[in-house]
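Worksheet for the structure shown next.
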Amino acid sequence: MAAEQFTVKSDPELWTRLNMDVERFKNMPPMLTQAYTSIFLSQKNRPEGMSYFNDCVANIHTGRIDELMAAKDEGKPVVGTFCVYVPEELVVAAGGICVGLCGGAQGSIADAEKILPRNICPMVKSAFGFKVGGICPYFQAVDFVYGETTCDAKKKTWELLDAYVPTHVMEIPQRKGARDKVLWLEEVKDFKAAVEKITGNRTGLDEISGAIRLINDKRRALQRLNTLRHHNPAPISGLDMLLIEQIAFYDEPGRFAGKVNELCDELEKRIKSGSAVAPATTPRIMVSGTPMALPNWKLHNIIEKSGAIVVNEESCIGTRYYKDLIDESSTTVESQLERLTERYMQIDCSCFTPNDERMSQVVKEYRESGAQGIIDYCLQFCHTYNIEAVKLRQVCEKEGIPFLAIESDYSPEDVGQLQTRVEAFIEQIQG
Ligand code: BJ8
């Protein structure tokens, strides 16, 4: 797409209906247009299949919101979530739509800091600020939200968020022993019952089967794409991959999977013909750590503008979201819930202790992606990922993997300093 044709669309009438702060929010689409144009549309030789994802960004505050509102008019509830532990299959089975509400923008942090302490994770502050400032159409469109007890910042924020939007909380165990698995299954059953009560729709074997298939298909498409992007020379940039991983949290799942598979078909052809976004000699970096919620493109932009390419995201907006599928062969609801529970318990979030599975998973993904070094990304004040980086560094040293740990937030202030560190790391891995 030519840069001059791209515009993030506006619809003040829709935003007024959603009770947003329209005066303030109307500045957002031009800002996003400008950022997206300079970061994404300036890339060379992008796959044509990215045009669908350009459209997703162009319609992020309008077209997709219209779809959510139309679904609500048909009686389908829209449920907001903040963690990949909340089982979207059960929302879909009950006829609802699941959207991720994690915040990745600096613009809402000041709103949050009027209420929340400043020294907590920017992702939590950004999301909370979007709601209290009335500057996120997704937050305004949801009927209720489902939080979880993963980290302290989140679980205490849900108590405050409940004053603005009905907020339910799932208890996520912090260990993976036998009794934790029992607790988690009970939580999943309670979640199913709560969603059914709120939506008024009972979910049986067929509804759950259909939802498991639909979300598995989405995860399968992302797995396929991630395998293809590992090829050297890379057929797609890390920035574009990250964007697709972010859009996975708000787009319609069936359509999204179809478009990702179309893109994969194109990438297969590109690989055969040797068409790539960067030469085979380009330094290859894997990013691990905390999720990067839309529109957090800061680190990928720094890495790729510094002449390297990102070849894997070991993150919840990345492989932790799609590496595992749910077994589709269950013939009873009880068994479906058990299989679903098992799949979710494989997510290796740093909120768990011990979390050794993540260490081996990081090394596995590093080898599979053909990366030459790992940059571990930790959002400021995320204690669990920050402390886990110590262990990860030890593992990487033992495995001979070049490793750089960085901690950052959403402000532009540290970009220069990060760039210097990233460039030095790229030089190091180039030998
Ligand atoms: S399963 S990574 S999506 S909790 S970065 S808000 S942990 S202080 S996002 Fe996450 Fe679920 Fe875990 Fe994944 Fe807290 Fe850390 Fe902030 Fe975090």
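We count ligands from 1, going down the list as the structure has it; atoms in each ligand are counted the same way. If you're wondering where the values come from, they're calculated on a predicted model, not measured in any experiment.
Within the 2.8 Å limit, Cys121 places no N, O or S atom next to atom 14 (Fe) of ligand 1. At a cut-off of 2.8 Å, Cys378 is not counted among the residues with an N, O or S atom near atom 15 (Fe) of ligand 1.
In terms of protein heavy-atom proximity, atom 15 (Fe) of ligand 1 is nearest to Cys382 SG, 2.3 Å. Regarding atom 12 (Fe) of ligand 1, its nearest protein heavy-atom neighbour is Cys349 SG, 2.2 Å. Protein heavy atom at the shortest distance from atom 11 (Fe) of ligand 1 is Cys83 SG, 2.3 Å. Considering only non-hydrogen protein atoms, atom 13 (Fe) of ligand 1 sits nearest to Cys316 SG, 2.2 Å. Nearest non-hydrogen protein atom to atom 9 (S) of ligand 1 is Met123 CE, 3.3 Å. Looking only at heavy atoms of the protein, atom 10 (Fe) of ligand 1 is closest to Lys154 NZ, 3.8 Å.
Each of the atoms 4 (S) of ligand 1 lies under 4.0 Å from some heavy atom of Thr150. For ligand 1, the atoms lying closer than 4.0 Å to a non-hydrogen atom of Val124 are 6 (S). Remark: ligand 1 atoms within the under-4.0 Å shell around heavy atoms of Thr290 are 5 (S). Every atom of ligand 1 with a heavy atom of Tyr385 under 4.0 Å away is listed here by number and element: 2 (S).
Residue Ile120 does not touch ligand 1, judged by heavy-atom distances below 4.0 Å. Of all the heavy atoms of Pro291, the ones lying under 4.0 Å from any atom of ligand 1 belong exclusively to the side chain. Of the heavy atoms in Cys151, only side-chain atoms (C-beta onward) come closer than 4.0 Å to ligand 1. When non-hydrogen atoms are compared, ligand 1 lies under 4.0 Å from neither the backbone nor the side chain of His383.
Contact check on Glu89 versus Arg213 returns no salt bridge, with no Lys/Arg side-chain nitrogen under 4.0 Å from an Asp/Glu carboxylate oxygen. Remark: Asp376 engages Arg358 in a salt bridge, criterion side-chain N to carboxylate O under 4.0 Å. Ionic pairing of Glu328 and Arg220 is present here: one or more N-O contacts between side-chain nitrogen and carboxylate oxygen are shorter than 4.0 angstrom. Checked for salt-bridge contact, Lys364 and Glu314 miss the test: no charged N lies under 4.0 Å from a carboxylate O.
Taking CD1 of Ile247 as the start and CZ of Arg64 as the end, the distance is 11.5 Å to the nearest 0.5 Å. Taking CG from Leu242 and CG from Asn296, the interatomic distance works out to 7.5 Å, rounded to the nearest 0.5 Å.
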Margin query: I'd like to know whether Phe25 forms a ring-ring contact (aromatic ring centres under 6.0 Å, His included) with His61, so could you lay out the CA-CA distance, the side-chain angles of the two residues, the decisive distance to 0.1 Å, and finally the verdict.
Written below: CA-CA 10 Å; Phe25 191 68; His61 302 139; 4.8 Å; yes
Next item on the list: Kindly indicate, with the supporting measurements, whether the criterion ring-ring contact (aromatic ring centres under 6.0 Å, His included) is fulfilled by Phe352 and Tyr85.
Entry: CA-CA 12 Å; Phe352 283 82; Tyr85 252 93; 5.6 Å; yes
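Side chain to side chain, Ser237 and Gln43 meet the donor-acceptor criterion of an N or O pair below 3.5 Å. Gln140 and Lys131 are linked by a side-chain donor-acceptor pair at a separation below 3.5 angstrom, with hydrogens and angles left out of the test. Between Gln346 and Glu342, the side chains place no donor N or O within less than 3.5 Å of an acceptor N or O (distance only, hydrogens not considered).
Using a 4.0 angstrom heavy-atom cutoff, Ala153 does not count as in contact with ligand 1.
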